[in-house]
Amino acid sequence: MPGSADPALLDLLAAPAEAAAVTLLGCSLTHRADDGVVTVRLTEVEAYAGEADPASHAWRGQTSRNAVMFGPAGFLYVYFSYGLHFCGNVVVGPPDEASAVLLRAGEVVDGEDLARRRRGPAVKNAALARGPANLMQALGVDGRHNGEHLLGAGTLALARGTPAPPDRVRQGPRVGVSRAADVPWRFWLSDEPSVSAYRRSPRAEVR
DNA sequence: ACGCCGATTCTC
DNA sequence: AGAATCGGCGTC
């Protein structure tokens, strides 16, 4: 049932960020809005290891923006990026560690018409939820959803799907990150059209 | 108070 | 390669 809690999933999310990231691959995320329901199956994510991770928003400690990450696992941390985009993270790990997993891409498995209405008529099927900001736009999620519970009775529901075969999980450097750019904590599923093409940050140190 | 730059995306 | 466009965070 959508919206019902999954204690086992919550336990898995309370693990270290890179393990939680792999858990999230293949999970479904549903948003029930006034104008309809959209569900995506997550195909690409990135792990951020809280205050210990120079690439994390939590690196310099707790602020009003990142406060949700310092709470328990299973909540959504939404931040505003480049003055125009919203990106969403699932808070993971033990409380106060401030780890999170950025949701980078997904396959729209329900509410395709609504997702296309939000994204634009010309957007190809596979690209509806490709890219972290596009994924949130397709779901109809923005800053108002910051801090919402993903495993409770709210409008957002995270659930386990058919687990991805381990041999389809790929791993590589994170995208758009200038610090700790070589930490291979971007995870994605191979052979998924919704996975964005890899682009290293222009600001990442070259070696 | 000021300025820089970003876990982006789309276009040229 | 560059623009759009806002706020967070470091610095003066």
Side-chain angles (χ1 to χ4, degrees), chain A residues 13 16-18 20-22 24-25 29 40 42-71 73 75-93 97-106 108 115-148 150 170-188 193-206:
Chain A
L13 293 179
E18 67 270 32
V22 174
L24 284 166
L25 285 176
L29 179 58
V40 302
L42 300 172
T43 55
E44 181 186 357
V45 298
E46 269 175 10
Y48 288 86
E51 285 186 277
D53 184 352
S56 170
H57 287 173
W59 188 43
R60 296 169 201 281
Q62 182 170 349
T63 66
S64 59
R65 174 174 71 146
N66 65 24
V68 173
M69 280 197 292
F70 287 80
F75 288 77
L76 187 70
Y77 163 53
V78 179
Y79 68 93
F80 190 48
S81 176
Y82 291 90
L84 21 135
H85 306 296
F86 293 99
C87 300
N89 302 252
V90 177
V91 178
V92 302
E97 185 181 288
S99 289
V101 175
L102 173 68
L103 307 179
R104 290 200 57 90
V108 176
R116 179 167 288 102
R117 230 172 296 145
R118 288 169 174 158
R119 291 272 294 121
V123 178
K124 290 193 172 74
N125 221 339
L128 284 173
R130 175 191 291 153
N134 292 335
L135 172 59
M136 290 302 112
Q137 190 180 7
L139 284 168
V141 167
D142 59 29
R144 295 170 300 188
H145 301 89
N146 185 42
E148 287 204 7
L150 297 171
R170 298 289 180 274
Q171 181 174 6
R174 295 177 288 190
V175 177
V177 166
S178 54
R179 279 188 272 254
D182 291 329
V183 177
W185 278 354
R186 172 190 180 231
F187 299 91
W188 67 97
S194 60
V195 173
S196 47
Y198 169 65
R199 233 174 259 133
R200 175 179 288 248
S201 168
R203 308 190 70 79
E205 289 179 38
V206 184

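Lettering of chains follows the sequences in order, A, B, ..., and the numbering in each one begins at 1.
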Mind checking if A/A55 touches a base, just sugar-phosphate, or nothing, with heavy atoms under 4.0 Å? base
Rounded to whole Å, the CZ-P distance (A/R65 to B/dA7) equals 8 Å
Using OP1 and OP2 only, check whether a side-chain N or O of A/N66 sits under 4.0 Å from C/dG8.
no
From the list A/E46, A/Q171, A/E44, side chain to side chain donor-acceptor pair (under 3.5 Å) partner of A/R186 resolves to A/E44
Report yes if at least one side-chain N or O of A/S64 is closer than 4.0 Å to OP1 or OP2 of C/dG8; otherwise report no. no
Distance col, row A/L76:CG vs A/L29:CG, nearest 0.5 angstrom, shows 7.5 Å
Taken to the nearest whole Å, NE2/A/H85 to C1'/C/dA3 is 11 Å
Closest heavy-atom pair, A/W59 versus A/A52, reported as atoms and distance to 0.1 Å, is CD1-C, 4.5 Å
With the stacking rule set at 5.5 Å and 30°, tell me whether A/Y48 counts as stacking on B/dA7. yes
Whole-Å distance, A/F86 CZ to C/dC6 P, equals 11 Å
For this session: Kindly indicate, with the supporting measurements, whether the criterion side chain to side chain contact (heavy atoms under 4.5 Å, CB included) is fulfilled by A/L42 and A/R104.
Result: CA-CA 8 Å; A/L42 300 172; A/R104 290 200 57 90; over 6 Å; no
From the candidates B/dT9, C/dC6, C/dC9, the one with an atom nearest any side-chain atom of A/A133 is B/dT9
Looking only at B/dG6, C/dG7, C/dG10, the nucleotide nearest the A/R60 side chain is C/dG10
Cation-pi between A/R174 and A/Y48: NZ/CZ under 6.0 Å from ring centre and within 45° of the ring axis? yes
Taken to the nearest whole Å, CG/A/L84 to C1'/B/dT9 is 8 Å
Separation of C/dC6 atom C1' from A/Y79 atom OH, nearest Å, is 14 Å
Scanning all shown strands, the Watson-Crick or wobble mate of B/dA7 with both distances under 3.5 Å is none
*Under 4.0 Å between any heavy atoms, over every strand shown, what does A/N89 touch: base, sugar-phosphate, or nothing? Just pick one.*
base
How far, in whole Å, is C/dT5 from B/dC2 if one measures between their P atoms?
23 Å
Of B/dA7, B/dC10, B/dT9, the nucleotide closest to the side chain of A/R119 is B/dC10
message = Evaluate A/N146 against A/Y77 for side chain to side chain contact (heavy atoms under 4.5 Å, CB included), listing each step before the verdict.
response = CA-CA 5 Å; A/N146 185 42; A/Y77 163 53; 3.7 Å; yes
In whole angstroms, the gap separating P of C/dC9 from CH2 of A/W59 amounts to 13 Å
Query - A/R174 vs B/dG6: side-chain N/O to OP1/OP2 distance below 4.0 Å - result: no
From CZ of A/R130 across to P of B/dA7 the rounded distance in Å is 22 Å
A/N134 CG to B/dT9 P, in whole Å, measures 5 Å
Per atom distances to the A/Y82 side chain, the nearest of C/dG8, B/dC10, B/dG6 is B/dG6
Of the candidates B/dA7, B/dT8, C/dC9, the side chain of A/T63 sits closest to C/dC9
